[in-house]
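One structure is given here, and the rest of the page talks about it.
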Amino acid sequence: MSPFLGELIGTMILIIFGAGVVAGVVLKGTKSENSGWMVISVAWGLAVALGVYAVGNISDAHLNPAVTVGFALIGEFPWSSVPGYIIAQVTGAFIGATLIWLHYYPHWKNTKEAGPKLGVFATDPAIKHTPSNFFSEVLGTFILVLGLLFIGANEFTEGLNPVIVGLLIVAIGLSLGGTTGYAINPARDLGPRIAHAILPIHGKGKSNWQYAWIPIAGPITGGGLGALFYAAVFEGIIYNSLWIFIAIFFTLLLVSLQIHKKELKKLPNKDVYHNPTEQKA
């Protein structure tokens with residue numbers, strides 16, 4: 001099997017388990033309905049662990065463009081392979097989301113609200129506050145990539161690494177995921193969001209493309225910073241790209257502040273506000 005196919009299948013597995021647990025929790029009439037955030041967080045951790053077990057020896061199981069870009073920035077992965085990996089990851093995520101739509105087919109009609117349906121496929125903020133939402137995705141992915149490099153620097157019993165990575169995802173979900181639903185992975189959000197936009201899901205509503213840049217730009221920025229921070233602090237190697245990514249972070253933060261100001265002008269209450277869909281994924 002080629003690394004491209006490995007990344008595609010691994011990311012598909014990730015989304016089958018990850019989006020699958022969200023569907024089970026938020027869609028009406030499932031046996032796991034309303035089972036809660038703990039169930040979602042643990043299942044996402046298991047989803048990552050199983051994806052890594054499946055294709056780790058084939059493609060190193062990045063399953064995430066933020067991880068791929070972060071590793072490439074510090075010389076752990078060739079830049080020539082980055083585009084192919086990202087295409088495979090987004091494609092795998094799209095396929096996984098499509099399979100979940102089919103798996104829960106009768107439950108879409110039973111669920112009246114559009115927000116939970118979108119939450120199965122893509123992330124939304126609990127409170128819509130653009131700079132905070134962007135920062136949440138940056139921090140979550142910073143910790144993810146930093147944690148992956150910590151784990152890689154240690155020796156575990158053979159075959160245990162994917163479990164440790166899965167526990168890292170659970171920890172991020174429980175500690176940092178309640179704000180935006182912790183995409184921390186552009187493919188995890190973009191592929192399924194495209195599926196949501198294309199598939200004939202009963203009563204699905206809009207795909208919220210206005211927000212979609214945050215779970216893409218935030219994780220890429222955070223993943224790059226996490227890898228470059230690790231290289232600088234733990235290996236003593238300061239790459240020029242560190243300063244570029246710091247500049248990117250502050251630039252996007254300023255952009256998000258301007259977007260937030262424009263959004264506030266449209267509201268009678270000039271404060272943070274709850275997202276209409278209000279469904280974390």
Side-chain angles (χ1 to χ4, degrees), residues 11-51 90 92-129 133 136-137 140 166 169-170 172-212 214-215 272-281:
T11 312
M12 181 188 71
I13 291 171
L14 168 68
I15 298 302
I16 287 173
F17 287 113
V21 69
V22 178
V25 170
V26 306
L27 296 181
K28 299 297 181 183
T30 73
K31 293 183 180 293
S32 55
E33 183 182 352
N34 295 323
S35 51
W37 188 249
M38 176 66 77
V39 170
I40 289 175
S41 297
V42 171
W44 269 107
L46 292 172
V48 171
L50 291 168
V90 174
F94 175 86
I95 295 171
T98 302
L99 293 173
I100 290 304
W101 168 63
L102 292 170
H103 181 80
Y104 285 94
Y105 189 80
H107 295 274
W108 305 107
K109 188 174 182 179
N110 284 354
T111 305
K112 303 304 179 184
E113 301 85 359
K117 295 174 186 178
L118 176 59
V120 173
F121 293 88
T123 58
D124 266 336
I127 296 176
K128 189 176 180 182
H129 186 272
N133 303 152
S136 291
E137 288 296 333
I169 301 299
V170 173
I172 292 172
L174 293 176
S175 301
L176 304 174
T179 53
T180 61
Y182 71 121
I184 60 173
N185 181 342
R188 170 264 174 277
D189 193 273
L190 179 59
R193 197 181 295 270
I194 293 171
H196 179 271
I198 293 175
L199 295 174
I201 303 165
H202 189 277
K204 65 181 178 180
K206 296 181 179 180
S207 301
N208 196 12
W209 288 104
Q210 184 180 11
Y211 177 78
I214 289 179
V272 293
Y273 49 93
H274 285 278
N275 183 41
T277 58
E278 206 173 10
Q279 178 55 55
K280 299 175 286 293

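Only heavy atoms go into these numbers, but all of them, side chains included; no hydrogens, no water, no symmetry mates. Residues: numbered from 1 along the sequence shown.
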Atom OG1 of T11 and atom CD1 of I95: how far apart are they, to the nearest 0.5 Å?
10.0 Å
With the side chain counted from C-beta on, respond yes when Y104 and I201 share a heavy-atom pair under 4.5 Å apart, and no when they do not.
no
Compare every heavy atom of A93 with every heavy atom of P192, then report the nearest pair and how far apart it is.
CD-CB, 3.7 Å
Please confirm whether the backbone N or O of W209 pairs with a side-chain atom of R193, one donor and one acceptor, at under 3.5 Å?
no
Enumerate donor-acceptor pairs with a distance under 3.5 Å from any side-chain N or O in residues 19-33 to protein atoms, sequence neighbours excluded.
from	atom 1	to	atom 2	distance (Å)
T30	OG1	G24	O	2.4
T30	OG1	S32	N	3.4
T30	OG1	E33	N	3.0
S32	OG	G24	O	2.9
E33	OE1	G29	N	3.0

Is any side-chain heavy atom of K204 closer than 4.5 Å to a side-chain heavy atom of W108?
no
Taking all atoms of both residues into account, what is the closest heavy-atom pair of G140 and I172, and its distance?
O-CD1, 3.8 Å
If I compare all heavy atoms of I198 with all of F94, which pair ends up nearest, and what's the gap?
CD1-CE1, 4.3 Å
Test side-chain contact (heavy atoms from CB on, under 4.5 Å) on D124 and Y211; report intermediate values, then the result.
CA-CA 8 Å; D124 266 336; Y211 177 78; 4.1 Å; yes
Residues forming a side chain to side chain contact (heavy atoms under 4.5 Å, CB included) with A187, sequence neighbours excluded:
P65, Q89, V90, N185
Would a distance-only check, ignoring hydrogens and angles, find a side-chain to backbone donor-acceptor pair under 3.5 Å from W101 to H196?
no
Smallest separation among heavy atoms of E137 and I184, with atom names:
OE1-N, 2.9 Å
Working to the nearest 0.5 angstrom, can you tell me the gap between L99 CG and M12 CE?
6.5 Å
Kindly indicate whether the side chain of T180, heavy atoms from C-beta on, has any atom under 4.5 Å from the side chain of I214.
no
Minimum-distance pair of heavy atoms, taken over all atoms of F17 and A47:
CB-CB, 3.5 Å
Here the pair of heavy atoms bringing F121 nearest to R188 is O-NH1, 3.1 Å
Partner of T123 by side chain to side chain donor-acceptor pair (under 3.5 Å), out of N208, D189, N133
D189
How long is the straight-line distance from OG1 of T98 back to CG of L199, given to the nearest 0.5 Å?
4.5 Å
